[in-house]
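These figures come from a predicted structure and were not determined experimentally.
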Amino acid sequence: MADVDEERNDNLLTYVMAEQSDRSTPPPAKIPRPDEEKKIVLVTGGSGMVGKAIRTVLEEEEANEKEEWVFLSSKDADLRSMDETRALFAKHHPTHVIHLAALVGGLFRNMKYKADFLRENLLINDCVLHCCYEFGVEKCVSCLSTCIFPDHTTYPIDETMIHNGPPHSSNFGYAYAKRLIDVQNQAYHEQHGCHFTSVIPTNIFGSFDNYNLEDSHVIPGLIHKCYMAKANNTELTVWGSGKPLRQFIYSKDLGRLLLWVLRNYDEIEPIILSVGEEDEVSIKEVAEMIAEAMDFKKPLVFDTTKSDGQFKKTASNAKLKRYLPDFKFTDIKQAIRESVDWFVKNYDQARK
């Protein structure tokens, strides 16, 4: 029986290797660049909120003449396709990649489309990371999420606890796809010596967010709801009890930190990018800040028939503080006010 099993395993290995042969195709010959000293930084998902934040920080504060930045959108290529992703890398020949592209959505969309969130993000991540390997990218920084952490855990969570148990059931498709980036980073590093790493931001918000009333995350969704409630002179209804606790990071702060990670962070292991535990706030407090920033005077109503999702996922930023002890996060009230002002000013153009 053992001989049969060994033969079956050998046949399976041969089949898998044959199936993988296309993936190991050498990349096209490298096109010489006029300035080989210049870094070519490719940003997938570059038209989204975080990509826009990086662009803003570069323009306002931290441009480097030795870096050329290419911000991509979904119009440039379907990153679920290996052929299209390879063609993109052959066109730009990046030396560095910030990987932000993902199928994303709020709590209720994650609950409804778990298979889609799992499969599409697995495809995107695999194509991008494998092309980083094939084209000799010096460094790739991928963006994960605190939802990858186990549902049942001790707090605060830190970078060593990612794989200690299953994530919350409400978004396990997206969470497992994102969690596997860490596995891929380690595998490509150990097998090929690749410098692939990742960051784990807490809940991101800011200008250029997705404000869709059904598919957005909590802050942009509440900003849009509050805007509509004010326009219609109605109460503001907040889904859930308002009791869950979250740490929020302003997109501009995340943009600054991603530049630091790209330029200075040398570990393969991920790093949490977050405000401190003491800055955790409830959804109710966030709704009140948004109402204040919007000058909304009507009552807030909490619809407790809607799911709260995970009650808390408090993250430690101790590792970040060891590297950047003097980094100053934008006060959340100021950041929310700036986000509200941007949405009101850009209502007709905002994603919604």
Please round to the nearest 0.5 Å and tell me the distance separating atom [atom1] of [X] and atom [atom2] of [Y].
X	Y	atom1	atom2	value
E288	I336	CD	CD1	11.0 Å
L42	H92	CG	NE2	6.0 Å
I283	D308	CD1	CG	8.5 Å
I272	I249	CD1	CD1	11.5 Å
R80	R119	CZ	CZ	8.5 Å
I124	S142	CD1	OG	11.5 Å

Shared hydrophobic cluster for [X] and [Y] (ILVMFWY, side-chain gaps under 4.5 Å):
X	Y	result
F205	V218	yes
W260	L254	yes
M161	Y155	yes
L100	Y265	yes
V128	F71	no

Is the shortest side-chain N to carboxylate O distance from [X] to [Y] below 4.0 Å?
X	Y	value
E134	R86	yes
K297	D295	yes
D331	K333	no

Examine the side chains of [X] and [Y] and answer whether a donor and an acceptor come within less than 3.5 Å of each other.
X	Y	answer
N125	H99	yes
D158	S316	no
Y323	E267	yes

Open item on the list: Going by the rule side-chain contact (heavy atoms from CB on, under 4.5 Å), which residues pair with S251 if we only count those two or more places apart in sequence or in a different chain?
Closed with: M49, A53, I204
Task: Partner residues of K225 under the side-chain contact (heavy atoms from CB on, under 4.5 Å) criterion, sequence neighbours left out - done: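 K225: side-chain contact (heavy atoms from CB on, under 4.5 Å) contacts with L213, L236, W239.
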Step through the shown structure and confirm whether more than 12 heavy atoms of other residues, nucleotides or ligands are within 6.0 Å of [atom1] on [X].
X	atom1	answer
H152	NE2	no
K284	NZ	no
Y113	OH	no

Applying side-chain hydrogen bond (donor to acceptor under 3.5 Å, both in side chains), can you list everything that pairs with [X], at least two apart in sequence or on another chain?
X	result
D182	H163
Y250	E338
D279	none
R256	E61, D253

Find out whether [X] and [Y] are in side-chain contact, i.e. whether some heavy atom of one side chain is under 4.5 Å from a heavy atom of the other.
X	Y	value
I332	M289	yes
F89	C132	yes
I219	S339	no
T146	R246	no
T44	L88	no

Task: K313 to F149, cation-pi by 6.0 Å centre distance and 45° axis angle - done: no
Task: Option from V97, N185, I268, V141 for which side-chain contact (heavy atoms from CB on, under 4.5 Å) with F196 holds - done: N185
Open item on the list: Consider side-chain contact (heavy atoms from CB on, under 4.5 Å). Of I271, L262, L324, V199, which one does L257 pass it with?
Closed with: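 Single pass found, and it is L324.
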- [ ] Kindly give the cluster partners of L180, where membership spreads through any ILVMFWY side chain lying under 4.5 Å from a current member.
- [x]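 Other cluster members: L118, L122, F172, Y176, V183.
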Residues which pass ring pair (Phe, Tyr, Trp, His ring centres under 6.0 Å) with [X], listed by chain and number, not counting sequence neighbours:
X	result
F327	F329
Y174	none
F343	Y211, H224, Y227, Y347

Task: Residues in salt bridge (charged side-chain N to carboxylate O under 4.0 Å, His left out) contact with E67, at least two apart in sequence or another chain - done: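 With sequence neighbours excluded, E67 shows a salt bridge (charged side-chain N to carboxylate O under 4.0 Å, His left out) to R263, given in chain and number order.
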Task: Partners passing salt bridge (charged side-chain N to carboxylate O under 4.0 Å, His left out) against K112 (at least two apart in sequence or in another chain) - done: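 Result, salt bridge (charged side-chain N to carboxylate O under 4.0 Å, His left out) vs K112: none returned.
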